[in-house]
2 protein chains.
Amino acid sequence: METLKPLLQLESLRPLFKEGRFGIEKESQRMDQEGDLAKTDHPSIFGNRNFHPSIQTDFSETQLELITPVADSAKEVLNYLAAIHEVVLRSLPEEEAIWPLSMPPALPKKEEDIMIAKLERNEDVLYRRYLALAYGKRKQMVSGIHYNFEFSKEFLQQLYQEQTSYADYVSFETNVYLKVARNYLRYRWLIVYLLGAAPVSEPGYFTDCHHRKPKEPVRSLRTSDFGYTNHDDVFVSYETIDRYVDDIHRLVETGVLSEEKEFYSPVRLRGEKRVADLKQHGIHYIEIRNIDLNPFAPYGIDEKTIEFLQFFLMLMLWIDPLETDADQLLKVGNKRNNEVSLEHPLTKTSYYEEGHMLLTQMKEMAKALHLLENECELINWVEELLENPQKTLSGQLVTEYEEGLANADLGKVLGWKNKAQALEKPYQLAGFRDMELSTQILMFDAIQKGIDVTVLDRQDQILRLSYADHVEYVKKANMTSLDNYIVPLIMENKTVTKKLLAQAGFKVPRGREFSSVKEALNASELFLNKGFVVKPKSTNYGIGISIFKEGASFEAYQEAVEIAFKEDQAVLVEEFIEGTEYRFFTIDGQVKAVMLRVPANVVGDGVKRIDELVADKNKNPLRGTHHRAPLQLIELGTIETLMLKEQGYTPETVLPKGVTAYLRENSNVSTGGDSIDVTEEMLDSYKQIAGDAAKSLGAVISGMDLIIFDPKKEGKKDSDSYAIIEANFNPAMHMHAYPESGKGRRLTRDVLDLLFKELPKD
Amino acid sequence: METLKPLLQLESLRPLFKEGRFGIEKESQRMDQEGDLAKTDHPSIFGNRNFHPSIQTDFSETQLELITPVADSAKEVLNYLAAIHEVVLRSLPEEEAIWPLSMPPALPKKEEDIMIAKLERNEDVLYRRYLALAYGKRKQMVSGIHYNFEFSKEFLQQLYQEQTSYADYVSFETNVYLKVARNYLRYRWLIVYLLGAAPVSEPGYFTDCHHRKPKEPVRSLRTSDFGYTNHDDVFVSYETIDRYVDDIHRLVETGVLSEEKEFYSPVRLRGEKRVADLKQHGIHYIEIRNIDLNPFAPYGIDEKTIEFLQFFLMLMLWIDPLETDADQLLKVGNKRNNEVSLEHPLTKTSYYEEGHMLLTQMKEMAKALHLLENECELINWVEELLENPQKTLSGQLVTEYEEGLANADLGKVLGWKNKAQALEKPYQLAGFRDMELSTQILMFDAIQKGIDVTVLDRQDQILRLSYADHVEYVKKANMTSLDNYIVPLIMENKTVTKKLLAQAGFKVPRGREFSSVKEALNASELFLNKGFVVKPKSTNYGIGISIFKEGASFEAYQEAVEIAFKEDQAVLVEEFIEGTEYRFFTIDGQVKAVMLRVPANVVGDGVKRIDELVADKNKNPLRGTHHRAPLQLIELGTIETLMLKEQGYTPETVLPKGVTAYLRENSNVSTGGDSIDVTEEMLDSYKQIAGDAAKSLGAVISGMDLIIFDPKKEGKKDSDSYAIIEANFNPAMHMHAYPESGKGRRLTRDVLDLLFKELPKD
């Protein structure tokens with residue numbers, strides 16, 4: 001293939017060259033509290049094991065394989081990897097965490113005690129049995145990262161237009177990836193130098209029957225030929241796609257390999273299920289397999305590394321190798337890789353010079369492509385590590401050992417640190433903390449159950465969920481295909497909603513709609529001498545609402561009406577309903593949760609001051625700010641102090657035992673209010689009413705707000721025991737999942753079960 | 001019943017007393033161009049005749065009966081009546097209109113030539129045959145208004161709380177309506193005096209066999225005993241509900257009446273299907289039947305009259321009658337009614353004094369109830385008419401005759417004037433002209449086909465449509481239950497829509513989304529040297545969009561990006577697609593209309609100046625302002641003049657024959673652009689693509705905007721022959737129904753057919 005340097009610098013190509021698609025697979029072992037290999041089965045909570053898209057088991061039952069969807073950036077792919085990790089760590093038994101190192105923890109003396117993954121498909125089990133025989137179970141226990149990378153289609157298509165060596169696109173694309181693969185194999189020793197992180201082995205990895213053993217520590221046992229690699233008689237050429245395919249076939253036919261996938265090259269050519277098809281359809285991406293787990297990164301790899309690997313693969317397309325003979329080049333690469341893998345982590349690498357050659361090429365490329373700070377930092381980082389071996393991953397690890405922290409303890413400590421971190425904010429999902437809580441919780445449940453999740457739009461909270469061939473789209477966690485379009489349009493119109501509920505025989509506040517102040521004032525007599533409420537027709541969060549519990553003067557009425565008309569062209573005046581307001585969350589006519597919201601408050605203990613009680617209450621990890629937590633911190637600002645004053649308190653008041661002081665009048669959770677789950681206590685008669693009301697509106701998912709006069713007395717549909725004051729579409733779900741008190745309700749699960757009726761039930 | 005005056009004045013009751021519900025039935029004859037009785041059948045276009053809720057036939061095949069839904073105000077009920085009239089007048093054959101008088105036009109010599117309504121239900125036909133025998137067909141031909149009125153439930157319930165005469169609500173409600181009915185029967189002569197409008201008869205109404213004949217003109221033949229009334233042996237008491245029911249039953253049993261409904265009282269007690277049930281369930285409203293058609297009101301009755309009748313019925317509840325004996329009272333009422341009916345229209349009525357007594361009561365009530373200008377005007381109107389008989393309806397008619405306009409000609413002229421008016425703006429619907437055109441057109445089609453239409457919210461354009469027991473809700477004419485909720489949410493997100501379309505294999509403009517100016521500027525190289533478009537992510541009506549057909553400088557790009565970010569937090573930059581933009585309106589995957597929109601323009605004739613050509617083009621009745629017409633007037637402001645200048649023209653330029661001058665760059669219809677239907681010309685391959693694309697998004701109703709490179713060349717899904725630039729939910733329909741040129745497409749009908757699959761197809 002001609003050199004591509006001139007083409008890659010073209011203004012039209014430069015920006016596209018920087019784009020790519022990423023996918024990561026990460027293996028790792030489950031461990032127990034002592035840092036020993038877990039003895040339990042793969043958790044059943046992950047649902048169907050056959051086709052879980054993101055949580056699988058690799059060789060052994062204890063070996064998790066976490067798989068991200070394909071993403072368009074390093075940041076995005078890491079977000080998915082982070083989310084999957086949190087799902088796993090929170091789903092594992094309390095006494096289990098993830099072993100953070102590539103080399104496994106101490107292995108059982110008896111090889112038979114290493115459990116092969118208990119998969120359902122027979123061929124999967126048979127294959128693993130074969131591997132156990134061919135390589136021994138122990139080597140199968142090492143873990144690493146598989147890094148899948150694809151250049152932007154647009155980039156390859158335009159590059160194809162510019163180049164002259166290839167007449168058809170498929171063979172051009174194929175040879176692009178072949179060149180990258182060859183160069184990567186040739187220069188991968190640098191990756192091992194920088195990222196190698198498997199210096200030592202634990203008892204049971206090398207068995208007595210082993211003749212030779214390396215002198216530990218090294219940079220990476222895993223990437224050396226002490227790792228899990230094919231036997232020496234396996235050589236596959238990367239010169240052309242035909243030779244690549246034919247070599248693999250020969251090896252399988254001659255029984256050297258049991259199957260195509262037994263060919264464990266550090267670089268696999270990908271794009272088709274069967275290797276044979278690569279000839280015709282070509283290569284569409286490559287899989288890099290020689291990346292050790294980074295024990296210092298909570299997810300085994302960090303963003304900088306993902307970006308660097310992309311940059312390195314770009315470099316592999318950019319440079320033209322010294323060796324012209326493709327097979328020769330591979331042999332050189334393999335030799336250097338093995339040597340560097342087995343170097344002492346704190347020594348300079350013996351290929352230091354070639355390292356600098358690569359650095360020069362990096363700088364040349366960065367300049368030619370007008371790359372920005374980001375890439376320059378990467379280059380500096382490589383330069384620094386070339387000079388300072390102790391700063392490489394293996395270098396850092398060995399330094400830890402020398403400071404007295406044994407490898408085993410290090411694995412245990414780091415692994416449990418990660419677990420603790422994952423449990424800190426169970427209502428959030430790493431990688432997606434900027435999204436709405438309800439969406440984060442839904443994503444958690446979906447990933448756990450093996451539903452493939454793709455975020456189509458973060459800002460708009462739009463997800464694609466797919467389970468096998470069944471695809472659903474979800475916005476804001478419960479706006480779905482389950483509801484038909486007209487229902488939310490009706491619900492967002494308070495007047496129409498009331499009309500329909502009333503016609504269906506439900507109690508709603510009597511009232512009138514007015515389209516002008518004059519009109520409203522003419523009707524004043526209807527309201528003044530009873531309790532009433534004035535609100536804008538399409539009000540939100542109580543803006544522009546005035547409540548007069550015992551009627552009001554004409555002047556007060558007039559003022560309230562004018563305030564409301566500032567918010568909307570139409571205003572509702574309704575009778576005030578006595579009682580307590582409850583939120584009924586209904587799905588498909590069934591009430592799944594009932595919530596009571598109480599204004600921000602503290603209860604005295606006879607010792608502490610109110611401000612201290614507030615501080616204590618705010619210690620609840622469920623409380624936070626900016627809707628990043630299911631409950632909000634209670635403030636002590638002017639409104640709150642005023643509210644206290646009305647009760648005869650100051651923040652310094654020591655509140656008598658059992659006495660409640662309120663810091664707010666409104667019960668909104670967003671101003672520090674308490675959310676109390678009362679699903680069990682609520683009488684069925686009210687649940688029936690709320691469920692039927694939602695059904696009568698045609699709503700599948702809705703939040704019905706009922707005011708109940710006396711929750712202890714049974715409700716009757718046509719009695720004044722209750723009134724429906726609002727029907728909400730897209731009702732919040734996170735507050736039900738993590739209430740201040742009472743049982744949490746996993747409504748996100750109910751939504752998923754309704755969307756995917758085929759999901760296995762727990 | 002105790003006097004209610006003190007209670008009705010209570011502050012809590014006063015406002016409720018003024019509320020009520022209204023329903024109007026209006027009979028009238030179809031006539032031909034000569035003003036003669038139509039000889040055609042009831043038009044089949046009105047669909048199923050058995051249960052058309054608003055357009056029926058009464059006794060004869062030519063006698064239309066128009067029925068409004070129940071409404072909450074005089075204004076509202078008149079709106080429905082107006083709409084139904086326009087539907088009928090536009091649906092009738094060109095050579096037919098509606099006879100505006102209560103007395104029929106000249107009737108055929110041979111009675112058998114009067115066609116009995118050709119109804120499908122046998123009992124309906126039999127009943128009419130019986131009536132023909134019992135009363136003769138001729139009298140059956142008179143027409144009038146039936147005015148149904150119900151006091152506000154809330155009012156009656158609260159009044160019941162206050163009163164002391166009745167122990168149960170049902171009998172209280174019943175006696176309220178009985179009192180109103182009695183008083184109305186007693187004092188109805190005043191209604192005849194004011195609103196009587198049947199002074200003379202046309203040939204064929206009185207036949208030779210008739211012994212006696214009144215001396216015409218009179219105030220109202222129809223309400224006199226020369227009208228269509230029961231024979232003298234029919235007397236039914238209104239003293240109690242029991243007597244009322246028993247009397248009617250006796251008459252039926254003794255065969256004096258064939259059925260309950262043959263009892264033609266000027267006031268019917270309503271609430272139950274069978275009269276017998278009134279005893280148990282009570283009366284819920286009353287039906288006033290002695291209102292003549294007002295020939296001067298386009299719909300046979302005007303708002304003032306509807307309000308006055310309500311006011312009069314309130315008065316009937318207010319006053320306590322002189323006569324204590326209920327039957328005696330009725331006899332007096334009947335006698336006076338007949339006398340006044342037969343008075344000469346230009347004479348003072350002989351019950352002038354009693355008229356003043358009623359006036360005094362009206363004033364007393366108005367004062368006690370704090371009534372406003374409106375009611376005072378009504379009182380003044382009555383007062384004025386009492387003094388000036390010539391101002392009454394019959395008075396006005398007789399004046400017309402005396403000035404030489406024969407009654408028959410008057411009927412013809414007024415009837416055809418109404419028809420002309422109804423045809424003026426076929427894209428609007430009387431009574432609802434403030435609503436969106438698409439909604440008005442949908443309502444027209446629904447009413448025509450016998451779908452019951454209720455406007456639930458004018459502002460929000462929300463309708464309830466029902467056909468038999470099948471109810472559907474519609475917002476903005478095509479937001480319905482047909483689409484599921486997530487689809488429009490996806491469509492309103494341009495990026496997600498493009499992702500899904502691209503994944504489904506459709507062509508969309510290549511592009512990127514950016515969330516910051518910096519991000520967008522870093523990617524500038526992707527776009528600058530080709531044509532591109534910069535737009536806010538959630539843009540509307542082209543706000544914040546910049547188009548660079550041949551690429552642009554970095555500075556121009558930067559400026560465009562900054563403009564776009566002023567509109568949204570996210571901005572899309574896309575390649576510019578060469579070609580012509582078409583709107584494909586798709587329903588259920590089928591393309592029902594294709595529209596080409598062309599910027600405002602005029603074509604020269606070599607004689608006229610551009611400003612004259614614009615004036616001519618603006619004469620098109622389809623052009624209007626403020627979206628009250630399917631096309632907008634072309635303006636000649638600065639933008640237009642500038643645009644002309646760029647082409648080397650001024651408004652005064654005389655444009656050569658066949659040469660087109662554009663007054664706008666943008667093709668929006670809202671700025672005077674032309675809408676051209678090209679549904680037939682468009683190649684099927686593109687329709688297929690548009691339909692499939694909509695389907696792939698799951699959209700049932702949508703407007704797909706395609707840019708087509710060469711509309712003459714076949715389109716291929718995976719080729720660059722086209723690109724989908726937008727998918728719109730709730731696409732406009734009126735512009736397809738009334739295009740500037742090409743065939744109109746009745747998409748509203750398609751929507752109705754899809755919503756109501758059971759609708760009979762034409």
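We use all heavy atoms of the structure for the numbers below, so side chains are in, but hydrogens, waters and symmetry mates are not. In what follows, chains carry the letters A, B, and so on, assigned in the order in which the sequence lines appear, proteins first and then strands, with residues in each chain numbered from 1.
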Any idea which of [options] has the most non-hydrogen atom pairs under 4.5 angstrom with chain B?
{"options": "I490(A), L500(A), N529(A)", "value": "L500(A)"}
{"options": "R510(A), E492(A), K18(A)", "value": "R510(A)"}
{"options": "V487(A), L482(A), T495(A), T480(A)", "value": "T480(A)"}

Contact part of [X] toward chain B, heavy-atom cut-off under 4.5 Å: side chain, backbone, both or neither?
{"X": "V474(A)", "value": "backbone"}
{"X": "F527(A)", "value": "neither"}
{"X": "K499(A)", "value": "side chain"}
{"X": "L528(A)", "value": "neither"}

| query | Side chains of S481(B) and E472(B): do they bring a donor and an acceptor to under 3.5 Å? | reply |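 Note: S481(B) and E472(B) side chains meet the donor-acceptor criterion.
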Checking [X] now: which residues fulfil ring-ring contact (aromatic ring centres under 6.0 Å, His included) with it, not counting sequence neighbours?
{"X": "F548(B)", "result": "F532(B)"}
{"X": "H470(B)", "result": "F756(B)"}
{"X": "Y160(B)", "result": "Y169(B), F172(B)"}

| task | Identify the two heavy atoms, one from V471(B) and one from S466(B), that lie closest to each other, and give their separation to 0.1 Å. | result |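 Smallest heavy-atom distance, with atoms named: CG2-CB, 3.9 Å.
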| Does a side-chain heavy-atom distance below 4.5 Å link L369(B) with E375(B)? |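 L369(B) vs E375(B): side chains apart.
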| request: Could you tell me the separation between the CD atom of E19(B) and the NZ atom of K153(B), rounded to the nearest 0.5 Å? | output: 13.0 Å
| field | Contact listing (chain B partner; residues 457-464 of chain A; heavy atom under 4.5 Å) | value |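 Near chain B, by residue number: D457(A), Q459(A), D460(A), I462(A), R464(A).
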